[in-house]
Asker: 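I have a structure here, written as structure tokens, and I will follow up with some questions on it.
For reference, positions follow the sequence shown, starting with 1.
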Amino acid sequence: MRLLTADTVAQALDRLAALAVGALPGAVRCSVALIGEGGPVTVAAAGSAGEASDRLQYAQGAGPGLEAARTRTLVTVDDLRADERWPELTAAARADGIGAVAAVPMDVRRHAVGSLSVSLATVGGLRPDLLLTAMAIAGQAEVLLGEMHRREALTEGAAADRAVGVIIAQRGCGVQEAYRILQDSAQRLGLDRVTVAERLVAAAARDRENS
């Protein structure tokens with residue numbers, strides 16, 4: 001699987017969705033959703049149909065993919081156009097040409113829960129072999145996405161440590177105060193901490209070169 005060659009978790013999710021829609025016979029759309037602690041739902045999708053119903057599900061916070069993620073159980077819908085659990089999705093599913101959906105739960109340990117959703121044009125097309133393949137893909141993805149999260153955490157930690165060193169040298173403060181300054185700067189600028197840390201380190205390097 002090409003997930004580990006991705007530069008970010010978001011890119012890995014895009015690749016996972018594309019891989020799944022190509023590997024599952026009859027699939028017209030595959031989407032991946034991850035829900036981190038206290039964070040928004042991260043969604044990636046690929047396929048030729050189902051965009052409107054997919055978008056509606058995640059905007060309203062209800063549907064097969066989110067149900068599988070929250071309950072950590074396999075959710076199958078043989079006819080999404082007639083399913084009474086999510087009536088808001090029925091009209092969108094009809095317009096999208098989506099007949100059936102299977103959502104496989106994913107548990108990226110210590111980072112997030114989520115699901116891999118497979119949409120089919122054919123009502124009642126959720127064959128056992130398709131479900132087994134989808135579960136195998138989701139199982140592999142759990143491990144590889146966990147590794148991606150671990151790598152990102154290491155990268156973030158290293159960048160923050162370098163920036164804290166710069167702040168301490170510039171301001172003569174302690175380590176805890178330097179971390180607080182870095183975090184406050186990220187919140188004030190509306191940027192993630194890694195971006196702020198990298199910019200701070202780059203600015204300090206330019207100052208040294210010009211001095």
Asker: Name all residues meeting the side-chain contact (heavy atoms from CB on, under 4.5 Å) criterion together with Thr90; count only those two or more places apart in sequence or in a different chain, and write none if there are none.
Answerer: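 Testing Thr90 for side-chain contact (heavy atoms from CB on, under 4.5 Å), a comparison that skips the adjacent residues, returns Arg94.
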Asker: Among all residues two or more places apart in sequence or in another chain, which pass the salt bridge (Lys or Arg N to Asp or Glu O under 4.0 Å) test with Arg180?
Answerer: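 Arg180: salt bridge (Lys or Arg N to Asp or Glu O under 4.0 Å) contacts with Glu177, Asp184.
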Asker: Among residues at least two apart in sequence or on other chains, which ones pass salt bridge (Lys or Arg N to Asp or Glu O under 4.0 Å) with Asp14?
Answerer: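 Salt bridge (Lys or Arg N to Asp or Glu O under 4.0 Å) check on Asp14 returns nothing, list empty.
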Asker: Given Val118 and Leu131, is the side-chain contact (heavy atoms from CB on, under 4.5 Å) satisfied, shown in steps?
Answerer: CA-CA 9 Å; Val118 183; Leu131 294 177; over 6 Å; no
Asker: So which atom in Leu16 and which in Ala141 form the shortest heavy-atom distance, rounded to 0.1 Å?
Answerer: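 The pair with the smallest heavy-atom distance is CD2-CB, 3.6 Å.
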Asker: Might you work through the side-chain contact (heavy atoms from CB on, under 4.5 Å) test for Leu120 and Leu24, ending with a clear yes or no?
Answerer: CA-CA 10 Å; Leu120 308 177; Leu24 297 169; over 6 Å; no
Asker: Which heavy atom of Ala102 sits nearest a heavy atom of Leu126, and at what distance?
Answerer: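 In terms of heavy atoms, the two residues are closest at CB-CD2, 3.8 Å.
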Asker: What pair of heavy atoms forms the shortest contact from Ala100 to Asp78, and how long is it?
Answerer: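 Ala100 and Asp78 have their closest heavy atoms at CB-O, 3.5 Å.
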Asker: Just jot down the side-chain contact (heavy atoms from CB on, under 4.5 Å) partners of Ala138, sequence neighbours excluded, or say none.
Answerer: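 Partners of Ala138 under the side-chain contact (heavy atoms from CB on, under 4.5 Å) test: Val104, Met106, Leu116.
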Asker: Going by salt bridge (Lys or Arg N to Asp or Glu O under 4.0 Å), name the residues that satisfy it together with Asp54, two or more places apart in sequence or in a different chain.
Answerer: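 For Asp54, the residues satisfying salt bridge (Lys or Arg N to Asp or Glu O under 4.0 Å) (neighbours in sequence not counted) are Arg29.
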Asker: The criterion is side-chain contact (heavy atoms from CB on, under 4.5 Å); which residues satisfy it with Val196, sequence neighbours excluded?
Answerer: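 Val196 satisfies side-chain contact (heavy atoms from CB on, under 4.5 Å) with Leu182, Ser185, Ala186, Leu189, Leu191 once adjacent residues are dropped.
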Asker: Please name the pair of heavy atoms, one in Ser53 and one in Ala93, separated by the smallest distance, quoted to 0.1 Å.
Answerer: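 Closest pair (atom of Ser53, atom of Ala93, distance): CB-N, 4.1 Å.
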Asker: Residues in side chain to side chain donor-acceptor pair (under 3.5 Å) with Gln170, at least two apart?
Answerer: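 So Gln170 forms no side chain to side chain donor-acceptor pair (under 3.5 Å) with any residue.
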Asker: With sequence neighbours excluded, what pairs up with Arg72 under the salt bridge (Lys or Arg N to Asp or Glu O under 4.0 Å) test?
Answerer: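 Once residues adjacent in sequence are excluded, the partners of Arg72 under the salt bridge (Lys or Arg N to Asp or Glu O under 4.0 Å) criterion are Asp107.
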Asker: Is there a path of hydrophobic side-chain contacts, each under 4.5 Å between heavy atoms of I/L/V/M/F/W/Y residues, joining Ile35 to Val43?
Answerer: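 Linked within one cluster.
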Asker: Just to verify, what does Thr76 make a side chain to side chain donor-acceptor pair (under 3.5 Å) with, not counting sequence neighbours?
Answerer: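 So Thr76 forms no side chain to side chain donor-acceptor pair (under 3.5 Å) with any residue.
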Asker: Out of curiosity, Leu34 CG to Leu13 CG, how far, rounded to the nearest 0.5 Å?
Answerer: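 That separation rounds to 5.0 Å.
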Asker: I need the Leu130 CG to Met135 CE distance, nearest 0.5 Å.
Answerer: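 Those atoms lie 9.5 Å apart.
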Asker: If I compare all heavy atoms of Ala45 with all of Ser31, which pair ends up nearest, and what's the gap?
Answerer: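 Distance-wise, the nearest heavy atoms are CB-CB, 3.9 Å.
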Asker: Short question: side chain of Ser115, backbone of Gly65 - any donor-acceptor pair under 3.5 Å?
Answerer: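 Answer holds: yes.
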Asker: Answer yes or no: does atom CZ of Arg171 have more than 12 heavy-atom neighbours from other residues, nucleotides or ligands under 6.0 Å?
Answerer: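 Open.
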Asker: Under the side-chain contact (heavy atoms from CB on, under 4.5 Å) rule, collect the residues that match up with Thr71, sequence neighbours excluded.
Answerer: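 So Thr71 forms a side-chain contact (heavy atoms from CB on, under 4.5 Å) with Glu67, Thr73.
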Asker: List for me each residue that meets side chain to side chain donor-acceptor pair (under 3.5 Å) alongside Arg127, sequence neighbours excluded, and say none if there are none.
Answerer: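 For Arg127, the residues satisfying side chain to side chain donor-acceptor pair (under 3.5 Å) (neighbours in sequence not counted) are Asp129.
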Asker: Under 4.5 Å between side-chain heavy atoms, chaining through other members, with only Ile, Leu, Val, Met, Phe, Trp and Tyr counted: pull out the rest of the cluster around Trp86, sorted by chain and number.
Answerer: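 Trp86 shares its hydrophobic cluster with Val28, Leu56, Val75, Val77, Leu80, Leu89, Ile98, Val101.
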